[in-house]
Amino acid sequence: MKPPREKPDSPLSLRRITEAFAQMLGRPAANAEVATSPNVPPSDPCPVSPRSIVEAILFVGRPDGGPFPSAELASTMRDVTPTEVDAVIAELNGAYEADGSPYIILSSAAGHRLALREEYARLGRRLHGRVRESKLSPQALEVLAVVAYRQPITGATIEELRHGKSGAVLAQLVRHGLLRLDRPAENPRHGCYATTDRFLRLFGLADLSQLPKAEEFDLAIV
């Protein structure tokens, strides 16, 4: 039995959102790729200061690419407070902008991380892809689209929207670090999926508010 066709006025056009994500990657949907970071040569020596220490930590980053909270950055230095770390980050971003730097420090409630500016993100993904890459299928992009716009969302709801089984694809995306599965303590059997910081980096987004809007891709998103 064929799955029901999506109505033209459907509130969630999976095909178009998937195509939008593929456009953000600069590749056809069937050939979208997840990039990992190559080794980066060390920077030139510079005077040690709170500014240089914060910049160095953010430059090296975490193995999983996660952000650093201000309190954690402050704890690496003597007599430096989280508020002073925030001021240093603002100073660094001001210097980056004045110098026309291709990178920026992105800040969120979870912390801070160094990233390429949006206009350079595609170039970074291409360079990283030469070192190591793993392919995402069109089905994986479709699942990412559903989760991105409807998170937090259960696996059952994802399968209902896609009209098909999604467990294997969801497990793959969790392994790649693009999705996470949150299980509430009171009802662990009914976990919900959400996107991760790595998902944001893959698509060159500072946060979820930068996801393609309905008017940009002729979509109607709920």
Side-chain angles (χ1 to χ4, degrees), residues 24 33-134 147-148 151-152 173-185 192-211:
M24 293 168 70
E33 298 177 350
V34 181
T36 58
S37 299
N39 295 325
V40 182
S43 58
D44 293 334
C46 63
V48 176
S49 67
R51 171 171 167 166
S52 64
I53 292 173
V54 168
E55 186 173 31
I57 293 173
L58 294 178
F59 181 84
V60 174
R62 296 188 187 280
D64 63 357
F68 290 90
S70 296
E72 183 177 354
L73 292 171
S75 70
T76 65
M77 297 168 280
R78 182 179 299 176
D79 299 327
V80 174
T81 66
T83 300
E84 289 171 327
V85 167
D86 292 340
V88 164
I89 287 173
E91 180 183 340
L92 285 168
N93 270 335
Y96 295 157
E97 184 174 0
D99 293 342
S101 171
Y103 39 82
I104 186 174
I105 298 174
L106 299 176
S107 300
S108 66
H112 314 280
R113 61 183 178 86
L114 190 66
L116 286 172
R117 293 184 184 275
E118 186 173 353
E119 57 268 35
Y120 293 96
R122 184 173 298 173
L123 173 62
R125 287 192 293 271
R126 288 178 180 174
L127 292 174
H128 294 170
R130 294 174 186 173
V131 178
R132 186 179 178 184
E133 62 186 30
S134 60
V147 176
Q151 60 186 305
L173 293 172
V174 170
R175 286 196 303 272
H176 280 312
L178 298 175
L179 296 182
R180 69 175 190 272
L181 176 59
D182 298 324
R183 295 185 183 276
C192 289
Y193 291 89
T195 55
T196 64
D197 286 336
R198 191 178 185 193
F199 166 86
L200 295 176
R201 292 197 306 277
L202 176 64
F203 291 101
L205 305 172
D207 53 52
L208 292 174
S209 67
Q210 293 187 345
L211 282 169

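Predicted model only: the values in this text are computed from it and were never measured.
Across every non-hydrogen atom of Leu205 and Arg113, the tightest pair is O-NH2, 3.5 Å. Scanning both residues, Arg62 and Pro69, for their nearest heavy atoms gives NH2-CD, 3.8 Å. Here the closest heavy-atom approach between residue Gly111 and residue Pro67 is recorded as C-CB, 3.7 Å. A pairwise comparison of heavy atoms in Val85 and Ser70 identifies CG2-O, 3.9 Å as the closest pair. Counting all heavy atoms, side chain and backbone alike, Thr196 lies closest to Arg180 at CG2-N, 3.7 Å. Scanning both residues, Val80 and Pro50, for their nearest heavy atoms gives CG2-CG, 4.2 Å.
Between Glu55 atom CD and Tyr103 atom OH the span is 6.5 Å, to the nearest 0.5 Å. Asp197 CG to Asp207 CG: the interatomic distance, rounded to the nearest 0.5 Å, is 10.5 Å. Taking NE2 from His112 and CD1 from Ile57, the interatomic distance works out to 11.5 Å, rounded to the nearest 0.5 Å. Going from atom CZ of Phe59 over to atom CG of Leu114 covers 7.5 Å, rounded to the nearest 0.5 Å.
Using a distance-only test at 3.5 Å, with no hydrogens or angles considered, a donor-acceptor pair links the side chain of Asn93 to the main chain of Ile105.
Remark: Thr195 engages Val147, Ala148, Gln151, Leu179, Phe199, Leu208 in a side chain to side chain contact (heavy atoms under 4.5 Å, CB included) (not counting sequence neighbours). Residues passing the ring pair (Phe, Tyr, Trp, His ring centres under 6.0 Å) test with Phe68, sequence neighbours excluded: none.
Under the salt bridge (Lys or Arg N to Asp or Glu O under 4.0 Å) criterion, the residue pairs touching residues 78-103 are Arg51-Glu91, with sequence neighbours excluded.
The shortest side-chain heavy-atom distance between Ser107 and Ile89 falls under the 4.5 Å cut-off. At a threshold of 4.5 Å between non-hydrogen side-chain atoms, the residues Leu200 and Gln210 do not count as touching. Proximity of Asp182 to Pro152: side-chain heavy atoms (C-beta onward) are nowhere separated by under 4.5 Å.
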